[in-house]
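FYI, the numbering just counts along the sequence from 1.
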Amino acid sequence: MIDKATVVIDNIHHRRTIKPEQCITGTISDADIWRILECANWAPTHGYTEPWRFVVFTGDAKHKFAKDHADMYKASTAEDKFKQVSYDKLINRAQTTSHIIAIINKRGANPKIPEIEELQSTAMAVQNMQLAASALGFAAYIHSGGMTFSDEMRQYLGFEEADKVLGFLYLGIPNKDEKAPGRRISKIEKKVVWKG
């Protein structure tokens, strides 16, 4: 019998980024999306501020969002900096993605809690979502390009000036069960100073 710790650790070790281009057309059930979102809600949070917020796009709304995002990028980019390939990618990724989830950090009202801690909590919530998606056999990809960090995107999503859009989680159905081998530049021992 495999213990729970082994299952969790194996899921962490075997989670991989799978881009929308590596997905097949298909829709993840609402029930599974809610399971993934519920995992986000159990991230650590200082003072129970629970600063993570999400806007979920699927179906026609997903395609409208993708087009709006691409048009926003085109309208705000100087002609000499505009890349058609980036514009097309913003639109085309919606084709094989089941859901696009906007990730927002909603700043808490308690001034004693530093903003960095709010951002860390939201990042941990997203990691929980990635691990849940992986455990359920779905593809997950975080994207922070295009207009992600702009005031236009924040306003488009309906958030206030103190809030921050951190990225978009693309969820889909992978086109194969085989996952790419993991890689890290160096072993953990090279990143740790151990005292005592």
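The closest donor-acceptor contact from the side chain of T77 to the backbone of Y73 lies under 3.5 Å. A donor-acceptor pair is defined here as one N or O able to donate and one able to accept, closer than 3.5 Å; no such pair exists between the side chain of T148 and the backbone of L166. In this structure, the side chain of T27 does not engage the main chain of S98 through any donor-acceptor pair within 3.5 Å. Looking only at distances, a side-chain donor or acceptor of Q22 sits under 3.5 Å from a matching main-chain atom of K19. With hydrogens and angles ignored, the 3.5 Å screen pairs a side-chain donor or acceptor of S121 with a backbone N or O of P44. Between the side chain of K191 and the backbone N or O of S186, at least one donor-acceptor pair lies under 3.5 Å.
The hydrophobic clustering, which links ILVMFWY residues whose side-chain heavy atoms are closer than 4.5 Å, places I103 and F159 apart. A continuous path of Ile, Leu, Val, Met, Phe, Trp and Tyr side chains, each step under 4.5 Å between heavy atoms, connects I24 with I33, placing both in one hydrophobic cluster. F168 and L90 fall within a single hydrophobic cluster, where Ile, Leu, Val, Met, Phe, Trp and Tyr side chains are chained together by heavy-atom contacts under 4.5 Å.
Between W52 and N41, the closest side-chain pair of non-hydrogen atoms falls below 4.5 Å. Side-chain atoms of P51 and N105, non-hydrogen and from C-beta on, do get closer than 4.5 Å to each other. Side-chain contact check for Q130 versus L169: some heavy-atom pair is nearer than 4.5 Å. Contact annotation: the side chain of I104 never approaches that of K164 to less than 4.5 Å [non-hydrogen atoms, C-beta and beyond]. Considering only heavy atoms from C-beta on, R107 comes within 4.5 Å of E118 through its side chain. Taking 4.5 Å as the limit, some side-chain heavy atom of I142 sits within range of a side-chain heavy atom of V126. Residues S134 and N11 meet the side-chain proximity criterion, which asks for heavy atoms closer than 4.5 Å. At a threshold of 4.5 Å between non-hydrogen side-chain atoms, the residues I100 and F65 count as touching.
In summary, the side chains of Q84 and D88 do present a donor paired with an acceptor at a separation below 3.5 Å, with no hydrogens or angles considered. Between the side chains of W42 and E38, at least one donor-acceptor pair of N or O atoms lies under 3.5 Å.
Rounded to the nearest 0.5 Å, atoms CG (D3) and OG1 (T6) are 3.5 Å apart. Taken from CZ in R35 to CG in L37, the straight-line distance is 12.5 Å, to the nearest 0.5 Å. Separating the CG atom in L131 from the CE atom in M124 is a distance of 13.0 Å, to the nearest 0.5 Å. Atom CZ of F54 and atom CE of M129 lie 4.5 Å apart (nearest 0.5 Å). Atoms CD and NZ, on E160 and K106 in that order, are 3.5 Å from each other to the nearest 0.5 Å. Atom-to-atom distance recorded for H69:NE2 and R93:CZ is 10.5 Å, nearest 0.5 angstrom.
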Next on the checklist: Please determine whether ring pair (Phe, Tyr, Trp, His ring centres under 6.0 Å) holds for the pair Y170 and F138, giving the CA-CA distance in whole Å, both sets of side-chain angles, and the decisive distance to 0.1 Å.
Outcome noted: CA-CA 10 Å; Y170 289 73; F138 301 129; over 10 Å; no
Checklist entry - What's the verdict on salt bridge (charged side-chain N to carboxylate O under 4.0 Å, His left out) for D71 and K74, showing C-alpha distance, side-chain angles and the deciding distance? => result CA-CA 5 Å; D71 289 345; K74 186 173 187 176; over 6 Å; no
Next on the checklist: Could you go through K89 and E21, starting from their C-alpha distance and side-chain angles, then the distance that decides it, and tell me whether this counts as side chain to side chain contact (heavy atoms under 4.5 Å, CB included)?
Outcome noted: CA-CA 10 Å; K89 198 177 275 190; E21 294 82 3; 3.9 Å; yes
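Smallest separation of non-hydrogen atoms from I91 and K67: CD1-CD, 3.9 Å. Contact detail for I28 and D32: the closest heavy-atom pair is CG2-CB, 3.7 Å.
Relative to the six-membered ring of F57, K62 misses at least one condition, a distance below 6.0 Å or an angle of at most 45° to the axis.
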